[in-house]
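Okay, so here's the structure we're looking at.
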Amino acid sequence: MKVLFVASECTPIAKVGGLGDVIGALPKSLLELGCDVRIALPKYKVINEKEYPLKLVASGVKVFDQKVMVFQTPLPQSKVLVYLLENKKYFGQNDIYFERSGFVGSFKEIQRFLFFSQAVLNVLPFLNWQPDILHCNDWHTAIVALLLKNIKTLLTIHNLANQGKCGAKEVFDFLGFKAKEEGEFNILKQGILNADILSTVSPGYSKEIQTEEFGEGLEKEFLKRKKDLYGILNGIDNSRFNPEIDSCLKKNYSLKNLDKKIENKIHLQEILKFKQNPKVPLIGFIGRLTFQKGIDLIIKVAPELVEQNCQMVVLGVGEKHYEQELSVLSQLYPKNISVNIKFDALLAQKIYAGSDIFLMPSRFEPCGLGQLISMAYGNLPLVRKTGGLADTVENGKTGFVFEKYSQHDFLSCLKKALEIYQDRKKWQKLMRNAMKKDFSWQNSAQKYLNLYKKLL
Ligand code: ADP
């Protein structure tokens, strides 16, 4: 069975968030199950060519009025092949996305991904390898399901917040269609209506999106496609997110020598210029600083956490006002709060290993990887009961869960966690429970394989 993943991100080649982690890991597990999987990705300007051995496999492929070159490189630490599509006009400028906070609806970005989607289809006859299935991901490549007629498609929705909305006329003109449609065009919606099978990244979220509260205006479409909609939980890449072998850590550790985790905490406190004291609770947050992630709740409870003698580290980029408000907090409380407005994969690993509690008070969360990674590192997640967070964190067993999106409920959950933190024995029991959880990709990869079989 041959499957081509078509996506906008793939860790470590081009990553912004969880989508990249999934595309960089799931294909490896599928390959182990005997599925011939490859990945197609734009060759963005930010991809460092020196890091990847590139082999030219096609050139001069016509896409609209442009030419595309295709390079092939193995996904690091695996045999999965990645096709990088090169075109200066559409992929040669800017970052992966045009705005740090994610998609803001610019037509330039829509053009980039419409072009990429069409380019993948035009390039296929030149690859010497024909997929049985195209596995599309999010709005960026959802249009493939509409453009393609002779190959089966699976569309996975990682995040509904961005849908690729724009004027219908602009899209049809760009794609060279004759249609004279006016009004709005929603790329993701077209993918939902046209893909052969749909999936999303947790069972909980697959149910939530059929409701008005979480459907982001597409709940009717999901209800229409209900029998073709599946929820498969994301996993994490054990070869990357594993405290026993993670080369980013000061000291590797596992369930067998948990005490070594403390050395990572002391190291992190040193980096952040905090007082080095293993007894002080260290609370971490890593993620996009957006409305979805509940950043306003974190900002609101921060002074109380300082009051409780906690240390807190935030790592992320996103909406300007959150970046500013968080930076003000770190200036007010430099001994207790460290705010790092950047993307930094190395610091992220140090935070996963060095902190005690990991915050994810999200408004909604399709799956969430932060809580899975933090559990693997014995860093207890404190999450809101929504989507994939509700599916993966057990309150009082592997982490802490609060239900209502309110400062009061968030804070009282935090206080409960801090109370348990004082009881070392109890805390270590929870850490062990979390670290024993298996969130590897094997199980979920088998479920994707079953979907592929259904498609054929
Ligand atoms: P989302 O996909 O909504 O961004 P997830 O929790 O599913 O959120 O995945 C986020 C992934 O991106 C995690 O691996 C997290 O560690 C990583 N990440 C997010 N922001 C940063 C950052 N500023 N620096 C390093 N890693 C980050």
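Note that ligands are numbered from 1 as they come in the structure, with each ligand's atoms numbered from 1 the same way.
Taking the six-membered ring wherever Trp is involved, the centroid distance between the rings of F115 and F91 falls below 6.0 Å. Ring-centre distance between Y352 and F358: below the 6.0 Å cut-off. For F364 and F214, the distance between ring centers is not under 6.0 angstrom.
Distances from ligand 1 to the non-hydrogen atoms of C367 include no value under 4.0 Å.
Close approach of ligand 1 to Y352 (heavy-atom distance below 4.0 Å) involves ligand atoms 13 (C), 15 (C), 16 (O). Close approach of ligand 1 to A348 is summarised as follows: ligand atoms under 4.0 Å from at least one heavy atom of the residue are 25 (C), 26 (N). Taking every non-hydrogen atom of G370 and a distance limit under 4.0 Å, the qualifying atoms of ligand 1 come out as 6 (O). Here is the list of ligand 1 atoms found below 4.0 Å of a heavy atom in K342: 22 (C), 23 (N). Per-residue contacts place I373 under 4.0 angstrom from the following atoms of ligand 1 (heavy atoms of the residue considered): 14 (O). Near G316, meaning under 4.0 Å from one of its heavy atoms, ligand 1 places the atoms 23 (N). Remark: ligand 1 atoms within the under-4.0 Å shell around heavy atoms of D344 are 24 (N), 25 (C).
With K293, M360, Q292, Q371 as candidates, the residue nearest to atom 3 (O) of ligand 1 on a non-hydrogen basis is K293. Comparing heavy-atom distances from atom 14 (O) of ligand 1 across D21, V16, L372, L369 singles out D21 as nearest. Closest heavy-atom approach to atom 19 (C) of ligand 1 among the candidates S374, G287, G17, G18: G287.
Proximity of L347 to ligand 1, defined as any heavy-atom pair under 4.0 Å, is not found for any part of the residue. Under 4.0 Å from ligand 1, not a single heavy atom of H158 appears.
Ring-plane geometry between Y452 and F5 is classed as perpendicular, the angle between the planes exceeding 60 degrees on a 0 to 90 degree scale with a lower cut at 30. Taking the six-membered ring for Trp and thresholds of 30 and 60 degrees, F113 and Y97 have ring planes inclined between 30 and 60 degrees apart. Relative orientation of the W427 and F400 rings is parallel, given thresholds of 30° and 60° on the angle between their planes.
Ranking protein heavy atoms by distance to atom 17 (C) of ligand 1, first place goes to K15 NZ, 3.6 Å. In terms of protein heavy-atom proximity, atom 22 (C) of ligand 1 is nearest to F343 CD1, 3.4 Å. The protein heavy-atom contact nearest to atom 4 (O) of ligand 1 is R288 NE, 2.8 Å.
Here the rule is side chain to side chain contact (heavy atoms under 4.5 Å, CB included) with I187, and of D138, I110, T141 only I110 fits it. Screening K275, Q269, K335 for a side chain to side chain donor-acceptor pair (under 3.5 Å) involving Q311 leaves a single residue, Q269.
Considering backbone and side-chain atoms together, I286 places no N or O closer than 3.5 Å to any N or O of ligand 1.
Looking at E394 and N433, their side chains never bring a donor and an acceptor atom within 3.5 Å of each other.
Using modelled atom types, no side-chain atom of Q371 and backbone atom of M360 make a donor-acceptor pair closer than 3.5 Å.
Taking both residues in full, the closest heavy atoms of G387 and E208 are given as N-OE2, 2.9 Å, listed atom of the first, atom of the second, then distance.
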